[in-house]
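Worksheet: one structure, shown below.
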Amino acid sequence: MSKKRRARKPIAREITYLKFGFVIMKHESHYCPRCNHVLNAGPNYQPKYCDQCGQKINFSSTEWREDRQLGYAERSNEHESVKN
């Protein structure tokens, strides 16, 4: 059996991003263990295969986490309005 046909667990990584430009959020994304492509998976949708390389994926032992709010970003003066 080839490695591609054997189901493998996805790789989970946490990233932080700005929601609405000022709310700092932490999000967990899942990636293909073979080609490192994001799988766009969640508790309501788990693909059986990676759409880029065809690797079979097994989400059976995956614990789904909701996005968490970490706080608020500080105001930056670099985008303030220009004085006339």
Side-chain angles (χ1 to χ4, degrees):
M1 181 184 285
S2 71
K3 289 183 181 181
K4 196 192 250 187
R5 298 171 97 188
R6 186 176 302 134
R8 295 172 63 187
K9 289 175 45 175
I11 299 168
R13 291 190 192 124
E14 288 187 340
I15 60 166
T16 57
Y17 68 97
L18 286 178
K19 183 176 184 177
F20 308 123
F22 64 92
V23 180
I24 303 170
M25 300 292 289
K26 184 173 268 193
H27 173 75
E28 184 177 69
S29 297
H30 293 84
Y31 295 85
C32 174
R34 186 167 188 240
C35 69
N36 211 22
H37 178 72
V38 69
L39 295 170
N40 293 327
N44 298 326
Y45 172 71
Q46 296 95 34
K48 295 184 189 278
Y49 297 92
C50 175
D51 62 349
Q52 294 294 309
C53 70
Q55 172 66 49
K56 190 172 184 178
I57 306 292
N58 180 3
F59 283 96
S60 63
S61 62
T62 303
E63 293 183 26
W64 299 101
R65 297 184 188 147
E66 292 187 23
D67 289 0
R68 292 185 323 217
Q69 180 177 332
L70 298 178
Y72 298 98
E74 293 184 19
R75 186 175 183 159
S76 173
N77 290 330
E78 65 184 57
H79 297 292
E80 295 295 322
S81 60
V82 178
K83 294 179 183 177
N84 289 333

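Given the structure is predicted, the values throughout are model-derived calculations rather than measurements. We count residues from 1, following the sequence as given.
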Taking the side chain as every heavy atom from C-beta outward, state whether Tyr45 and Asn40 have any atom pair closer than 4.5 Å. no
So which heavy atom on Arg6 is nearest to which on Gln55, and how close? O-NE2, 2.8 Å
Shared hydrophobic cluster for Ile57 and Trp64 (ILVMFWY, side-chain gaps under 4.5 Å): yes
Fit a plane to each ring of Tyr72 and Phe22, take the angle between them on a 0 to 90° scale, and name the class: parallel (under 30°), tilted (30 to 60°) or perpendicular (over 60°). parallel
Taking atom CD of Glu63 as the centre, report whether more than 12 heavy atoms of other residues, nucleotides or ligands fall under 6.0 Å from it. no
Check whether any side-chain heavy atom of Pro33 sits under 4.5 Å from a side-chain heavy atom of Lys9, and report yes or no. no
Compare all side-chain heavy atoms of Phe59 with those of Pro10 and state whether any distance is below 4.5 angstrom. yes
Does any donor atom in the side chain of Arg13 or Asn36 lie under 3.5 Å from an acceptor atom in the other side chain? yes
Rounded distance (nearest 0.5 Å) linking atom CZ of Arg34 with atom CD1 of Ile11: 13.0 Å
His27 side chain reached by Tyr17 side chain, heavy atoms, under 4.5 Å: yes
Between Lys48 and Lys56, is a side-chain contact (heavy atoms from CB on, under 4.5 Å) present by the stated rule, with each step listed? CA-CA 6 Å; Lys48 295 184 189 278; Lys56 190 172 184 178; 5.8 Å; no
Looking only at heavy atoms, what is the nearest atom pair of Glu28 and Asp67, with distance? N-OD1, 4.5 Å
Taking the side chain as every heavy atom from C-beta outward, state whether Leu18 and Val23 have any atom pair closer than 4.5 Å. no
For the residue pair Cys32 and Cys53, establish whether any side-chain heavy-atom pair is separated by less than 4.5 Å. yes
Rounded to the nearest 0.5 Å, what's the gap from CG on Leu39 to CD on Gln52? Could you check? 10.0 Å
Quick one: do Thr62 and His30 satisfy side-chain contact (heavy atoms from CB on, under 4.5 Å)? Show the steps, please. CA-CA 10 Å; Thr62 303; His30 293 84; 3.5 Å; yes
State yes or no: do Ile15 and Met25 share one hydrophobic cluster built from I, L, V, M, F, W and Y residues joined by side-chain heavy-atom distances below 4.5 Å, directly or via other members? no
Who pairs with Glu14 by salt bridge (Lys or Arg N to Asp or Glu O under 4.0 Å), at least two apart in sequence or on another chain? Lys26, Arg65
